[in-house]
Amino acid sequence: MESLTSGTIAGAGSFRCQRCGYVLTLAASDTLTDCPGCNGRSFVRASLFSTGRMQHVEDAASAPDRAEREAWLQEVRERIAEEPGEYIAYEESGELTLVPLTREWTRVGRSLAADVRFDDPTVSRRHALIVRQPDGVRVLDDRSLNGVFVNGERVEWRVLKDGDEILVGRYRLGFLSVVAEPAEQIPDARPLHSVS
């Protein structure tokens with residue numbers, strides 16, 4: 001089986017990382033990138049119809065340390081403490097981006113029409129939808145090639161909870177639901193009576 005390395009135009013198809021088993025699916029003009037799962041550079045052609053390896057394999061060395069992730073989530077929460085609501089947060093090139101979820105639908109993908117846009121071949125043009133409804137916020141796989149993962153599990157759709165991690169291609173997004181702090185109770189003010 002022919003082995004390929006990242007940085008090459010490998011053609012259309014699916015490619016499996018030889019190190020961790022993560023599967024990337026590319027269009028004809030996409031360049032094979034480093035593995036989003038383990039940063040490996042060695043791939044072999046994979047079949048979309050093979051069994052077993054399409055699920056994301058979370059390598060302990062590649063997964064962010066739980067304490068580090070919790071510290072990151074806490075830092076993000078502190079930044080948005082004054083603005084309660086639901087957010088998607090992610091880092092790109094060392095910059096933190098916060099996306100308030102204010103509309104019913106938020107599109108995530110590589111398309112120019114996406115609300116959250118990632119110009120990366122590991123992200124499909126229409127990768128995921130984040131849907132706000134009265135009974136909760138859901139993430140839906142929008143027929144992506146590489147799938148949508150919530151907390152390491154590939155999903156078609158999932159109701160999100162505060163602190164969930166969504167993997168879209170090589171990007172890790174955090175879902176945050178910040179609830180308004182209850183206002184401090186002011187003791188009942190009694191009217192002053194004048195003494196005459």
Side-chain angles (χ1 to χ4, degrees), residues 6-17 22-37 39 43 46 48-49 54-56 64 69 72-73 76-77 79-80 83-178:
S6 61
T8 61
I9 296 178
S14 296
F15 302 88
R16 183 174 46 82
C17 175
Y22 190 98
V23 177
L24 291 172
T25 305
L26 306 177
S29 62
D30 291 339
T31 302
L32 191 58
T33 61
D34 292 348
C35 176
N39 291 326
F43 293 85
L48 284 173
F49 306 105
M54 286 302 287
Q55 294 295 320
H56 176 62
R69 174 148 175 80
W72 182 79
L73 285 170
V76 174
R77 279 189 186 97
R79 287 191 183 189
I80 57 178
E83 297 290 328
E86 295 150 335
Y87 295 84
I88 293 295
Y90 62 92
E91 285 188 7
E92 185 172 21
S93 303
E95 293 287 321
L96 175 66
T97 301
L98 285 169
V99 180
L101 301 175
T102 57
R103 299 184 320 190
E104 183 179 359
W105 297 87
T106 301
R107 295 171 299 217
V108 179
R110 200 172 70 214
S111 166
L112 292 174
D115 302 303
V116 178
R117 184 172 183 269
F118 299 112
D119 189 16
D120 188 282
T122 63
V123 178
S124 296
R125 284 176 180 76
R126 294 175 50 179
H127 203 106
L129 291 169
I130 299 172
V131 183
R132 290 180 67 233
Q133 294 179 324
D135 62 341
V137 177
R138 292 172 174 74
V139 63
L140 309 170
D141 188 334
D142 194 14
R143 300 178 303 250
S144 69
L145 294 174
N146 289 330
V148 173
F149 298 84
V150 176
N151 300 328
E153 179 184 346
R154 188 169 186 165
V155 298
E156 291 298 317
W157 69 274
R158 174 72 53 94
V159 174
L160 295 172
K161 300 181 304 294
D162 182 57
D164 278 350
E165 179 184 70
I166 306 163
L167 188 67
V168 173
R170 67 171 60 229
Y171 294 91
R172 295 179 186 275
L173 292 75
F175 172 72
L176 295 110
S177 180
V178 179

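Positions are given from 1, in the same order as the sequence printed here.
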(Q) Between R132 and D135, does any side-chain N to carboxylate O distance fall below 4.0 Å? (A) no

Q) Taking all non-hydrogen atoms of both residues, which atom of I130 and which atom of L101 are closest, and how far apart? A) CG2-CD1, 3.9 Å

Q.
Which heavy atom of D164 sits nearest to which heavy atom of R69, and what is that distance?
A. O-NH2, 3.5 Å

Q) Would you say the side chain of L176 lies within less than 4.5 Å of the side chain of L73, judging by non-hydrogen atoms? A) yes

Q) Does any pair with a residue in residues 94-105 pass side-chain hydrogen bond (donor to acceptor under 3.5 Å, both in side chains), and if so which ones, sequence neighbours excluded? A) R103-D115

**Q.** Minimum-distance pair of heavy atoms, taken over all atoms of R77 and D162
**A.** NH2-OD2, 2.5 Å

Q: Could you tell me whether the side chains of S111 and R126 share a donor-acceptor contact shorter than 3.5 Å?
A: no

Q. Under 4.0 Å between a Lys/Arg side-chain N and an Asp/Glu carboxylate O for E153 and R158?
A. yes

**Q.** Minimum side-chain heavy-atom gap V123-R117 below 4.5 Å
**A.** no

Q.
So L160 and R138, do their side chains get closer than 4.5 Å, heavy atoms only?
A. no

**Q.** Short N-O contact, R170 and D120, less than 4.0 angstrom
**A.** yes

**Q.** Nearest atoms (heavy-atom pairs only) where R154 meets L145
**A.** NH2-O, 3.9 Å

Q: Decide side-chain contact (heavy atoms from CB on, under 4.5 Å) for R172 and L167; before the verdict, give the C-alpha distance in whole Å, the side-chain angles of both, and the deciding distance to 0.1 Å.
A: CA-CA 5 Å; R172 295 179 186 275; L167 188 67; 3.7 Å; yes

Q) Can you find a heavy atom in the side chain of Y87 that is under 4.5 Å from one in the side chain of I80? A) yes

Q.
Is it the case that atom CD in E91 sees more than 12 heavy atoms from other parts of the structure closer than 6.0 Å?
A. yes

(Q) If I compare all heavy atoms of L98 with all of A89, which pair ends up nearest, and what's the gap? (A) CD2-CB, 3.6 Å

Q) Say you draw a straight line from OG1 of T106 to CD of E86; how long is it, rounded to the nearest 0.5 Å? A) 10.0 Å

(Q) More than 12 heavy atoms of other residues, nucleotides or ligands under 6.0 Å from CD of E156: yes or no? (A) no

Q | Heavy-atom side-chain contact between I88 and F175 under 4.5 Å | A | yes

Q) How about V159 and V137: do any of their side-chain heavy atoms sit closer than 4.5 Å? A) no

Q: Check side-chain hydrogen bond (donor to acceptor under 3.5 Å, both in side chains) between D119 and all other residues, then give those that pass, not counting sequence neighbours.
A: none

Q: I would like to know whether F149 and V168 meet side-chain contact (heavy atoms from CB on, under 4.5 Å); could you show each step before the answer?
A: CA-CA 7 Å; F149 298 84; V168 173; over 6 Å; no

Q. Does a side-chain heavy-atom distance below 4.5 Å link E165 with N151?
A. yes

(Q) Contact between L129 and R107 at the side-chain level, heavy atoms closer than 4.5 Å - yes or no? (A) yes

Q.
Please verify the inter-ring angle class for Y171 with Y90; under 30° counts as parallel, over 60° as perpendicular, anything in between as tilted.
A. perpendicular

Q: Of all the heavy-atom pairs spanning P121 and T33, show the shortest one and how long it is.
A: CG-CG2, 3.5 Å

Q: Report the distance from atom OG of S124 to atom CG of N146, rounding to the nearest 0.5 Å.
A: 6.0 Å

